[in-house]
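Data block below; observations after.
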Amino acid sequence: MSRLREWVWPAAVLAALGCETRSDSWGDALDLQTATAAGGELVAQAKGRDALLVVDPKTAAPRFIALDKEVLTPEPRLESKSLIAFAVDGSALVQVDLETDRSTRYPLGGRFDRDTQTPDGAFAILTRGGGGAGLVNASEVALLDLRIGPSPTNPARRALSSKGGTIAGVDISPAYGAAGRRLALFRSLSYLAAVPVEEFAAGTLRTVPLAADGDASVNPLETLFRASAEHLDVFVRADSGTDVIHLRFPDADDGVARPVLNQLTAGGSVSAILLLSPESSGAAGRIAALSPSSGGFTLIDPETAESDFYALPNAPSDGLVVDGPTGEELLLFTIGRNVLHRVALSELAAKKTKAITTLSLAAPVRTITAAAGGARLVVTHDANWGTDVTLINPATSELVPFTTADNVLATMLSDDAGSLVVLTSGSATRLTAIDLAAGTTTETEVAGYPSALLPIPGSGYLALLSADGLGTFEF
């Protein structure tokens with residue numbers, strides 16, 4: 001059963017802390033910044049205060065965790081009940097354990113201001129995005145082991161390239177080869193650099209140029225991985241050219257083997273790449289490269305470099321790989337347009353374009369998400385088109401629109417992707433919970449003026465955020 005719990009700040013928070021007048025240590029001017037969720041709790045930074053406000057969504061009980069320094073917006077540490085945040089002055093990264101309310105400070109010397117976590121939350125890879133202080137090499141990076149405390153070797157630092165250049169992004173590979181090695185792949189202008197995560201400080205560094213000296217620069221934008229016991233395949237989409245860059249890192253007993261580089265022709269400027277599973281019927285292990293400029297998409301076999309092009313009207317620029325009634329399918333679309341293409345991959349070789357179904361929606365697409373274990377596709381739309389959300393049954397292509405005369409403020413999927421919550425504002429503010437499998441709805445009227453929703457993973461709750469109150473909704 002859906003249940004709404006509300007509380008108001010600063011009054012309720014201050015009362016709970018025994019601070020009810022302006023003369024108290026926190027006063028009435030408590031200014032909470034962008035909220036986040038970690039460890040099943042709601043967390044907000046108090047601006048100008050060396051502290052975090054933490055709220056248990058089940059009880060609405062607030063508490064403060066004191067910090068040595070004010071921090072930037074915290075983020076959850078993956079697979080844990082902790083969060084991490086950079087100090088405002090760039091001097092450190094702070095980890096806060098929400099089970100003990102204790103914090104650990106890792107000195108950085110103002111050298112880093114961005115982080116990328118490994119999926120298990122064990123490590124954070126630190127890079128420099130242009131902030132911080134001091135004269136440093138922009139290609140210097142570091143690995144922070146979040147499982148242990150700070151030391152002269154934690155974080156471990158190393159430089160990637162004498163060419164310098166700001167690191168545009170970091171991608172972490174899955175484990176591959178006999179040793180289960182993971183690579184941190186750094187994207188920078190016209191080159192990639194690969195470093196083994198578990199041997200970060202002393203492991204082999206492989207730098208892969210993407211453009212020869214004197215050639216036009218190549219900016220890598222997107223990376224996909226496929227791991228096996230023999231090698232790691234890396235597929236890269238860049239901002240120029242008509243190729244998908246394919247790197248293969250063979251397994252090695254020690255260090256990282258030099259990769260084999262290949263160019264996979266896509267036939268046009270590539271807007272997105274999608275990786276199909278090795279078990280995908282009719283397109284096993286292939287790459288789908290979307291190219292609106294060429295008027296369709298290309299399926300590429302990375303083992304042979306052979307490709308097949310399929311023309312489409314309203315050529316899509318983005319897509320998803322979903323499970324359909326005939327196996328793995330492509331769902332292709334363009335944000336801002338009202339056309340969806342469903343590609344039945346198992347039938348594509350025999351039926352060609354007849355294996356592609358085109359659906360026309362009542363309004364342009366804003367987002368598309370697979371939900372309810374793949375039993376529904378949830379499409380949200382831009383405002384002022386009459387339809388706010390469309391539910392699609394992939395098995396039948398049935399379209400079920402959700403429409404309201406009120407203004408849609410936010411939408412959010414539940415943890416299990418089985419329910420969709422829509423926050424609307426009109427004569428009253430309402431939360432509508434839609435059971436995606438059954439198609440039934442439950443409405444709850446909300447006091448106050450919330451304007452955003454925030455998931456609190458692992459709790460069964462979401463948070464309602466506004467300028468004058470916080471609330472949680474259980475569903």
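Remember, predicted model here, so these are calculated numbers, not experimental data.
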Does the distance from a Lys or Arg side-chain N to an Asp or Glu carboxylate O, for [X] and [Y], drop under 4.0 Å?
X: R63; Y: D101; answer: yes
X: R430; Y: D406; answer: yes
X: R182; Y: E199; answer: no

Going by atom types only, do [X] and [Y] share a side-chain donor-acceptor pair under 3.5 Å?
X: H341; Y: T357; result: no
X: Q95; Y: R77; result: yes
X: T367; Y: T380; result: yes
X: S91; Y: R105; result: yes

So, for [X] and [Y], which heavy atoms are closest and what is the spacing to 0.1 Å?
X: P278; Y: A284; value: O-CB, 3.0 Å
X: P455; Y: P457; value: O-CD, 3.4 Å
X: F200; Y: A142; value: CE2-C, 3.8 Å
X: L290; Y: G319; value: CD2-N, 3.9 Å
X: V270; Y: A289; value: CG1-CB, 4.3 Å
X: A410; Y: A452; value: CB-CA, 4.4 Å

Does the [X] side chain pair with the main chain of [Y], one donor and one acceptor, at a distance under 3.5 Å?
X: S228; Y: H231; value: yes
X: E329; Y: L345; value: no
X: D435; Y: T441; value: no
X: N338; Y: S360; value: no
X: R128; Y: R114; value: no
X: T153; Y: A156; value: no
X: Q117; Y: L78; value: yes

Would you compute the distance between atom [atom1] of [X] and atom [atom2] of [Y] and round it to the nearest 0.5 angstrom?
X: D113; Y: T127; atom1: CG; atom2: OG1; value: 7.0 Å
X: R366; Y: H381; atom1: CZ; atom2: NE2; value: 9.5 Å
X: S173; Y: D233; atom1: OG; atom2: CG; value: 11.5 Å
X: L431; Y: T442; atom1: CG; atom2: OG1; value: 11.0 Å
X: L83; Y: S103; atom1: CG; atom2: OG; value: 10.0 Å
X: T118; Y: E79; atom1: OG1; atom2: CD; value: 10.0 Å

From CA spacing to verdict: side-chain contact (heavy atoms from CB on, under 4.5 Å), F86, D115: CA-CA 9 Å; F86 285 99; D115 73 276; 3.6 Å; yes
Show your working on side-chain contact (heavy atoms from CB on, under 4.5 Å) between L330 and L274 and close with a plain yes or no. CA-CA 9 Å; L330 293 177; L274 305 171; 3.8 Å; yes
Flag the pair [X] / [Y] as yes when at least one side-chain heavy-atom distance between them is below 4.5 Å, and no otherwise.
X: L391; Y: V378; result: yes
X: L420; Y: V389; result: yes
X: T411; Y: L423; result: no
X: L275; Y: R226; result: yes
X: V379; Y: I392; result: yes
X: V195; Y: L183; result: no
X: V208; Y: Y191; result: no
X: T36; Y: P76; result: yes

Verify side-chain contact (heavy atoms from CB on, under 4.5 Å) between I172 and F225, making sure each step is shown before the conclusion. CA-CA 9 Å; I172 310 296; F225 296 101; over 6 Å; no
Before giving the answer on salt bridge (Lys or Arg N to Asp or Glu O under 4.0 Å), spell out for K81 and E99 the whole-Å C-alpha distance, their side-chain angles and the decisive distance to 0.1 Å. CA-CA 7 Å; K81 292 186 179 296; E99 292 185 309; 5.2 Å; no
Of L192, D171, V244, which meets side-chain contact (heavy atoms from CB on, under 4.5 Å) against V236?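 Testing V236 for a side-chain contact (heavy atoms from CB on, under 4.5 Å) against L192, D171, V244 leaves exactly one candidate, L192.
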Worked verdict on L361 versus L399 for side-chain contact (heavy atoms from CB on, under 4.5 Å): CA-CA 8 Å; L361 305 179; L399 305 180; 4.0 Å; yes
Show every donor-acceptor pair shorter than 3.5 Å between a side-chain atom in residues 143-150 and any protein atom, with sequence neighbours excluded, or say none if there are none.
{"residue": "D145", "atom": "OD1", "partner": "R147", "partner atom": "N", "Å": "3.0"}
{"residue": "D145", "atom": "OD1", "partner": "R147", "partner atom": "NE", "Å": "3.0"}
{"residue": "D145", "atom": "OD2", "partner": "R147", "partner atom": "NH2", "Å": "3.0"}

